[in-house]
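Predicted, not measured: the structure shown is a model, and the values here were computed from it.
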Amino acid sequence: MKLSNGVEWALHSCVTLSQSREPVPAARLAELHGTPPAYLAKHLQALSRAGIVRSTAGQVGGYSLTRPAAEISALEVVRAIDGTEPAYRCTEIRQRGPLALPAERCERPCAIARAMAAAEEAWARALGEVTVADLAERIDADSGGTAMAAVGRWLTRETAGR
């Protein structure tokens, strides 16, 4: 399974927004993460359509989370960016070729389709159990407790001049 770059950018943006009390402009999020502003803005719009972030217009406008970070799962963000289509799509190959099975013998999905569906369910369950708040906490722990404070200072410094 391959996820788009937008998933990484959106998850980092949500973690950043979880540290801000004020809306953060898309351009500032792009600057902080070194991502292309136009593409990040497109992903922020997808997050907005999914109800994860809200956009505020005006001079002090930008993006903010619609609810506490502890209530937003990583799975929600992934699906907002990459969609909800399953990664594996069975084409019933077992019904083709010289040893094809007749459709009436294919009452349930084949072993391959079942295995792939189980793997995708496990993946979704794991991501559904991780929240944006969990990610912020883990990123902070990975940095020895400095990352989120640094993000908070950077956001405060940048919004103070608006």
Side-chain angles (χ1 to χ4, degrees), residues 1-56 61-94 108-156 158:
M1 173 179 306
K2 182 176 173 132
L3 301 175
S4 71
N5 288 340
V7 168
E8 179 184 12
W9 301 349
L11 285 166
H12 277 283
S13 292
C14 286
V15 168
T16 298
L17 293 174
S18 76
Q19 303 302 302
S20 180
R21 293 187 177 150
E22 304 291 329
V24 180
R28 301 301 298 148
L29 288 168
E31 178 185 356
L32 176 63
H33 298 297
T35 57
Y39 288 117
L40 182 61
K42 176 182 147 192
H43 297 306
L44 289 167
Q45 290 169 0
L47 291 174
S48 181
R49 284 190 299 275
I52 297 169
V53 301
R54 77 173 58 85
S55 175
T56 306
Y63 288 89
S64 55
L65 297 177
T66 58
R67 56 193 190 274
E71 296 176 13
I72 301 169
S73 75
L75 182 62
E76 287 180 81
V77 175
V78 169
R79 288 185 170 162
I81 301 302
D82 277 359
T84 59
E85 289 294 315
Y88 177 81
R89 289 170 194 83
C90 179
T91 62
E92 280 297 347
I93 194 172
R94 64 188 173 163
R108 68 181 189 151
C110 75
I112 293 170
R114 292 192 313 267
M116 298 303 273
E120 189 152 347
E121 287 174 23
W123 174 83
R125 189 171 36 260
L127 285 178
E129 293 172 357
V130 177
T131 68
V132 169
D134 295 332
L135 293 173
E137 184 179 301
R138 293 171 189 176
I139 289 168
D140 209 39
D142 290 347
S143 72
T146 63
M148 294 302 103
V151 167
R153 284 191 304 275
W154 189 87
L155 289 171
T156 301
E158 297 303 327

Flag side-chain contact, heavy atom, 4.5 Å: Y63 against S55: yes
Nearest heavy-atom neighbours spanning P23 and T56: CG-OG1, 4.0 Å
Straight-line distance of T131 OG1 to L127 CG, nearest 0.5 Å: 12.0 Å
Residues 42-53, side-chain donor-acceptor partners within the protein, below 3.5 Å, at least two apart:
none

Nearest non-hydrogen partners of Q19 and A136, listed with the distance: NE2-CB, 3.9 Å
C90 SG to M116 CE distance, which is reported to the nearest 0.5 Å: 10.5 Å
Side-chain touch E8/H33, heavy atoms, less than 4.5 angstrom: no
Nearest atoms (heavy-atom pairs only) where A149 meets D140: N-OD1, 4.3 Å
Separation of L135 CG from H12 NE2 (nearest 0.5 Å): 8.5 Å
Side chain to side chain, S4 and I81, heavy atoms closer than 4.5 Å: yes
R89 atom CZ, over 12 foreign heavy atoms within 6.0 Å: yes
Side chain proximity check, C14 to L65, heavy atoms < 4.5 angstrom: yes
Atom pair OG (S73) and CZ (R79), whose distance is rounded to the nearest 0.5 Å: 8.0 Å
Inter-residue atom distance L29.CG - L17.CG, 0.5 Å rounding: 5.0 Å
Atom pair CG (L75) and OG1 (T84), whose distance is rounded to the nearest 0.5 Å: 10.0 Å
Residue pairs passing the salt bridge (charged side-chain N to carboxylate O under 4.0 Å, His left out) test where at least one lies in residues 64-75, sequence neighbours excluded: R67-E76
Nearest heavy-atom neighbours spanning L40 and A30: CD2-N, 3.3 Å
Set of residues satisfying side-chain hydrogen bond (donor to acceptor under 3.5 Å, both in side chains) with respect to E92, sequence neighbours excluded: R94, Q95
Note, I112 side chain near Y88 side chain (heavy atom, < 4.5 Å): yes
